[in-house]
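Read the structure below first, then the notes.
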Protein chains: 2
Amino acid sequence: MNSLAQETPLQPSYPVDEETVEAAFLASKALLGVVARSIAPTLDNITLPQFRVLVVLRSTGPMKMSALAEWIAVQPSTFSRTVDRLVTKGWVTRQPNKDSRREILVTATPHGAELVDAVAERRRKELRHILATLTPADQAQVTLILSRFADAAGEPRADTLLTLGI
Amino acid sequence: MNSLAQETPLQPSYPVDEETVEAAFLASKALLGVVARSIAPTLDNITLPQFRVLVVLRSTGPMKMSALAEWIAVQPSTFSRTVDRLVTKGWVTRQPNKDSRREILVTATPHGAELVDAVAERRRKELRHILATLTPADQAQVTLILSRFADAAGEPRADTLLTLGI
DNA sequence: CCTGATACTTGTACTCTAGCAAGTGTTGCT
DNA sequence: AGCAACACTTGCTAGAGTACAAGTATCAGG
């Protein structure tokens, strides 16, 4: 499938307590629950492979078919039919590219963009709920530590996220 | 699909800074990257719906068909065929239930259990890598805060996690 | 202007998921 | 013993994803 080789960057490395790993592991489960709930209602309307397309479009803007297909890592023929379905359902449109008449631009409709935004919004909302149960002091710590953690993890590569659909 | 209603428990609620929400949001993205990478290699060998079965079995032990099907939230007929495929690939076995000859117990094979464990292990390994870039002081904070966060989020319901496959 | 490469679609084939309906065997209850 | 409920499988149908191969239109370079 995707090439997901994960090499350690040249960075200082400190010993890690297994207790810390376990805490992060459990937190990852909890966050995964949040993510799953945020996307579950949407999956009634769209399949995960289709949703991936919208996610990419939402972050990159209109793209031509071949580039999108490569991004999603499927054959052009497969992708063409996926776009067929997305068009039918009104989530994207095919548009001619003035500069090159053999290329076709895929654009998310407002409807399609909303779908992606709604998922993100549900996620934020639930996070807000969870965080509200923490004291302000703890919240401040969360901000600091989670930011540091996110930095350490690095921005996940787009194709990686696509594995799970967001 | 699943009933994922998310009600706020009776708990103290503090105001939440949007900055904190955003930090958690970004961290959730980062963690999602970790999760996706941990499962990606496995998806070459098994489909997500099939993997879900193994995940459930891994945490509950052998279950009878009907209970498993209900857990996964699919029709018994659909599930029967999924088990067919899992059996063919050697990840689970069907076993008669001595106490009730009309029930059939589905059991993960060692091979199947390994598959699930490997994903969890990859996840821990990558988390360890990330945490190693944090200073010991930060790590201590991570343990504390992430634990608190996980507690606040609550153990995600099994059916919720199944949406994404783990 | 021709030719080969590029971009996309269509034809064909296969697998997986999924559900409804019907069938077989088993159990529990009267 | 008989019958209804339960547990599972099988037949059938349908949609979605996926890939390979072939086809059409377009572009770029000689």
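Just so it is clear, the model here is predicted, and its values are computed rather than measured. Below, each value reflects all heavy atoms present in this structure, side chains not excepted, and no hydrogens, waters or symmetry copies.
- Here A:Arg85 pairs with A:Gln50, A:Arg81, A:Thr82 under the side chain to side chain contact (heavy atoms under 4.5 Å, CB included) rule; sequence neighbours left out.
- Regarding A:Asn97, its CG atom lies at a distance of 17 Å from the P atom of C:dT6, rounded to whole Å.
- Rounded to a whole Å, the NZ atom of A:Lys98 is 14 Å from the P atom of D:dC27.
- As a whole-Å value, the separation of A:Leu48 CG from D:dG17 P is 10 Å.
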Taking only distance into account, with no hydrogens and no angle test, what donor-acceptor pairs under 3.5 Å do side-chain atoms of residues 134-146 of chain B form with protein atoms, sequence neighbours excluded?
from     : atom 1 : to       : atom 2 : distance (Å)
B:Thr135 : OG1    : B:Asp138 : N      : 3.2
B:Asp138 : OD1    : A:Arg148 : NH1    : 2.7
B:Asp138 : OD2    : A:Arg148 : NH1    : 2.8
B:Gln139 : NE2    : A:Pro15  : O      : 3.3
B:Gln139 : NE2    : B:Leu131 : O      : 3.0
B:Gln139 : NE2    : B:Leu134 : O      : 3.0
B:Thr143 : OG1    : A:Thr20  : OG1    : 2.7
B:Thr143 : OG1    : B:Gln139 : O      : 3.0

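- To the nearest 0.5 angstrom, A:Ile104 atom CD1 is 6.0 Å from A:Arg94 atom CZ.
- Following rounding to the nearest Å, A:Glu70 (CD) and D:dA19 (P) show an atom-to-atom distance of 13 Å.
- Atoms CZ (A:Arg52) and C1' (D:dG17) sit 10 Å apart, rounded to a whole Å.
- The CG atom of B:Leu32 sits 6.5 Å away from atom CG of A:Leu32, with the distance rounded to the nearest 0.5 Å.
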> What does nucleotides 2-10 of chain D look like as a protein-contact string, B for base, S for sugar-phosphate only, - for none, at under 4.0 angstrom between heavy atoms?
Replying inline: ---BBSSBB
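- Looking at B:Glu18 and A:Arg124, no side-chain N of the basic residue comes within less than 4.0 Å of a carboxylate O on the acidic one, giving no salt bridge.
- Following rounding to the nearest Å, A:Ile46 (CD1) and D:dG15 (C1') show an atom-to-atom distance of 15 Å.
- A:Ser59 contributes atom OG, which lies 8.0 Å from atom CH2 of A:Trp71 (distance to the nearest 0.5 angstrom).
- Distance from the side chain of B:Val74 is smallest for C:dA18 among the nucleotides C:dT17, D:dA16, C:dA18.
- Between the CZ atom of B:Arg101 and the P atom of C:dG25 there is a distance of 11 Å, given to the nearest Å.
- The nearest whole Å value for the distance from the CD atom in B:Gln75 to the P atom in D:dA14 is 18 Å.
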